[in-house]
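Excluded from the calculations below are hydrogen atoms, water molecules and symmetry mates; all remaining heavy atoms, backbone and side chain alike, are included. The shown structure was predicted, so the numbers you read here are calculated from the model rather than taken from an experiment.
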4 protein chains.
Amino acid sequence: MPRPKTGDKRAAILRAATKTIAEDGVGASTAGIAKAAAVAEGSLFRYFPDKDRLLNELYRELKLDMRSAMIAGFPVTGSLRKRIQHIWNAYVTWGMESPAKRRAMMQLTVSERITDQTRQEGQSGFEDATEAMQQFVARGKLSDLPPAFASDLLLAMAETTMASMVANPAKADHYRSAGFEAFWSAAAKK
Amino acid sequence: MPRPKTGDKRAAILRAATKTIAEDGVGASTAGIAKAAAVAEGSLFRYFPDKDRLLNELYRELKLDMRSAMIAGFPVTGSLRKRIQHIWNAYVTWGMESPAKRRAMMQLTVSERITDQTRQEGQSGFEDATEAMQQFVARGKLSDLPPAFASDLLLAMAETTMASMVANPAKADHYRSAGFEAFWSAAAKK
Amino acid sequence: MPRPKTGDKRAAILRAATKTIAEDGVGASTAGIAKAAAVAEGSLFRYFPDKDRLLNELYRELKLDMRSAMIAGFPVTGSLRKRIQHIWNAYVTWGMESPAKRRAMMQLTVSERITDQTRQEGQSGFEDATEAMQQFVARGKLSDLPPAFASDLLLAMAETTMASMVANPAKADHYRSAGFEAFWSAAAKK
Amino acid sequence: MPRPKTGDKRAAILRAATKTIAEDGVGASTAGIAKAAAVAEGSLFRYFPDKDRLLNELYRELKLDMRSAMIAGFPVTGSLRKRIQHIWNAYVTWGMESPAKRRAMMQLTVSERITDQTRQEGQSGFEDATEAMQQFVARGKLSDLPPAFASDLLLAMAETTMASMVANPAKADHYRSAGFEAFWSAAAKK
DNA sequence: GATGAATGAGGCTTCATTCAT
DNA sequence: GATGAATGAAGCCTCATTCAT
């Protein structure tokens, strides 16, 4: 039996990629990522056939990670407001606790190297939340906007909110709820 | 593109950079930009000492351009809602009419190569609009959020709205006003 | 290809190397050869200390193989023409039936990685045929050319002939005999 | 006016490539070639977009070079034998005087990196000689073999002859004429 | 001023070989 | 013995920048 491929190594590379891309953008070198992962440069290519694949896998993993954070404790039977608020809080909390993940995600999102397929797959596996968001839009004043509008909006508003939280950590909690109120008002019924 | 006259060369390079960066991201090569500008490779460096400077200058120019669009016809003496709506419409219109500028802007905004100073300078020169935005926040339910919050929020929400407009051009006008209502509701007084 | 039994592994690797080198040249990767042999990457190096040795061994094996084809049914007591014709036919038939072997051979022959020693050894073990070839030269009009001349010439002319056969399979048989006549005339007595 | 592209540099690279490929095969590194040409590695790619192109251009140049040697002093109005002998002598002389060119040519010829188009183009521009070769075949005993047969055969037999010449330089002249007699006999009328 | 040829550092990727299991 | 994960040197190529003309 050969040396078994340590599942850790793949994870280490993704972790290192998150950090490095957060700092240097998608232009971060594979050498730099490998080094940050304490792995030989060639090893990176045993786990990911090329840089594009690494980028796309990372996008996928980050989405998954974010989703886990959002799904944990999701109040499936709670009121619409409760459910939406859970999503908001979970997302903002995830973003604030994992600044590198959040920044890497931003870089990947605007990169032309993430394929459409990857982006589409990134939407899936998040049914409860998606449903809540769609109900939210459908019952609110933006009822005829595309279904993805609310989710995109949440991301965008959360991003803005987090920028304020980072700028003034003392008021972070307050900003988080204020941000939520803004989001809720933006789309809720008149 | 014909060879630009001497005085135009700088502008031609910036125009070419906008287009090229919109397509290829910040990684676009200086040679590619020079070619798109119908200018010699070396000439680019007579107008910009290095690529970073070109990137920062471009960011600045794009902000200026956007601002001009917003200032033109600004209803200084109109109601707050009129003024805010003007900003919203002007921004969305600018973004839809100049997709390359908008995409280049997005790329630059997330790039680590734009300095903090450039970002700060990008805020200035937009007093009427800024003042309107601050009044808007101050008088609304987000009164204790940082002053930049509303502007950032507008940008973010407009981005989301434009994505919907691009996806469904037939409803573009409707989406633009729906987006504005959402924005207004997000921050206006309860 | 099923995983070969232990004893066959060396043969399987050589077989795979023939095919792979025929297609990709001497630059074919050891990993690719191992895969084609349905053998682990590392296993290749248990049978051949390094790639150069593999190449040289393969050259040797192919020569041996070709020789077997030529020796089978060799008319030891036949006329000189009969014997020479047997060599010609056997060689051309071998080349046409084993295009991969022939192509691999060509690649190896021009490669700088085959040592002089390997090349020399490649000549041996073919006494009857060699003797016939030497008689042929000695009694013909090229009597003072080096002994290897006739064999080399045969190879070269057969190669040319096979190219024609491949290009026009319908006339293959005819080309084979025409080629032989050319070879015979080239060196036979005036 | 920028520094003009010195025509010499391209030639120097091709010269260096000839030498390096003759020694190391098509696997010769671009770095090695650049170094042998006393040129920066990047410069090589200003003259040839990639290694494949360099290889194909080199093939073309070598064919051209060989052709010049063959065309010089071609006895257009001489007897068929005179013309064929001129071709033979010119080719063998070229090969013996330019061993690197000849060896590089052999490597390129068997390489899969030379495209079919390049090979075809390599045939052209050599009309007088081609015509002579075709007459030779048509009037001889191989009259129904493909037109390219005689040229290929000449190359192959010349190669073999040159190997003998290199092995025994003292008899080089003798071998050259003996080789020609063999070639002539191979295809001439019975 | 303008040009684009020249450069070499650095990027991504492949690969022969080693070695823990 | 067999395996394939791990490695880092080396390969091809790109690119920002310089500088002779």
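Dashed line: the shortest gap from a side-chain N or O of B/Lys9 to OP1 or OP2 of E/dA2 is under 4.0 Å. Proximity of A/Arg46 to the phosphate of F/dA6: no side-chain N or O atom is located under 4.0 Å from OP1 or OP2. In terms of phosphate contacts, B/Tyr47 brings no side-chain nitrogen or oxygen within less than 4.0 Å of OP1 or OP2 of E/dG1.
Computed from coordinates, the C/Leu44 CG to F/dT3 P distance equals 12 Å when rounded to whole Å. Nucleotide E/dT17 holds its P atom 11 Å from the CG atom of C/Leu55, rounded to whole Å. The CD1-C1' distance, from C/Ile13 to F/dG1, rounds to 13 Å in whole Å. Per the geometry, NZ belonging to C/Lys35 stands 16 Å off C1' belonging to F/dA5, to the nearest Å. Atom-to-atom, CG of D/Asp8 to P of E/dA6 comes out at 10 Å; the value is rounded to the nearest Å. If you measure from atom CD1 of B/Ile33 to atom P of F/dC15, you get 11 Å, rounded to the nearest angstrom. Computed from coordinates, the B/Ile21 CD1 to F/dA16 P distance equals 10 Å when rounded to whole Å.
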| field | Base-pairing string, 5' to 3', of DNA chain E - Watson-Crick or wobble, under 3.5 Å, | interstrand | value | .||||||||||||||||||||

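In this structure, OG1 on D/Thr118 lies 11.0 Å from CG on D/Leu58, to the nearest 0.5 angstrom. For the atom pair A/Met106 CE and A/Ile21 CD1, the distance stands at 14.0 Å (nearest 0.5 Å). Within the model, atoms CZ of C/Arg103 and OG1 of C/Thr18 stand 13.5 Å from one another, a figure rounded to the nearest 0.5 Å.
Other residues, nucleotides and ligands place no more than 12 heavy atoms under 6.0 Å from the CZ atom of A/Arg60. Within a 6.0 Å sphere centred on NZ of A/Lys63, other residues, nucleotides and ligands contribute more than 12 heavy atoms. Other residues, nucleotides and ligands contribute only 12 or fewer heavy atoms inside 6.0 Å of the NZ atom of D/Lys19.
Of the candidates C/Lys101, C/Arg67, C/Arg10, C/Arg15, C/Arg10 is the only one forming a salt bridge (charged side-chain N to carboxylate O under 4.0 Å, His left out) with C/Glu61. Partner of D/Tyr59 under the side-chain contact (heavy atoms from CB on, under 4.5 Å) criterion, out of D/Gln107, D/Arg119, D/Glu121: D/Arg119 alone.
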| note | Expected string for nucleotides 8-14 of chain E under the B/S/- scheme (protein heavy atoms, under 4.0 Å, primed atoms plus P, OP1, OP2 as sugar-phosphate) is B--SBBB

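The side-chain contact (heavy atoms from CB on, under 4.5 Å) check on D/Arg53 picks up D/Pro49, D/Asp50, D/Glu57, with sequence neighbours excluded.
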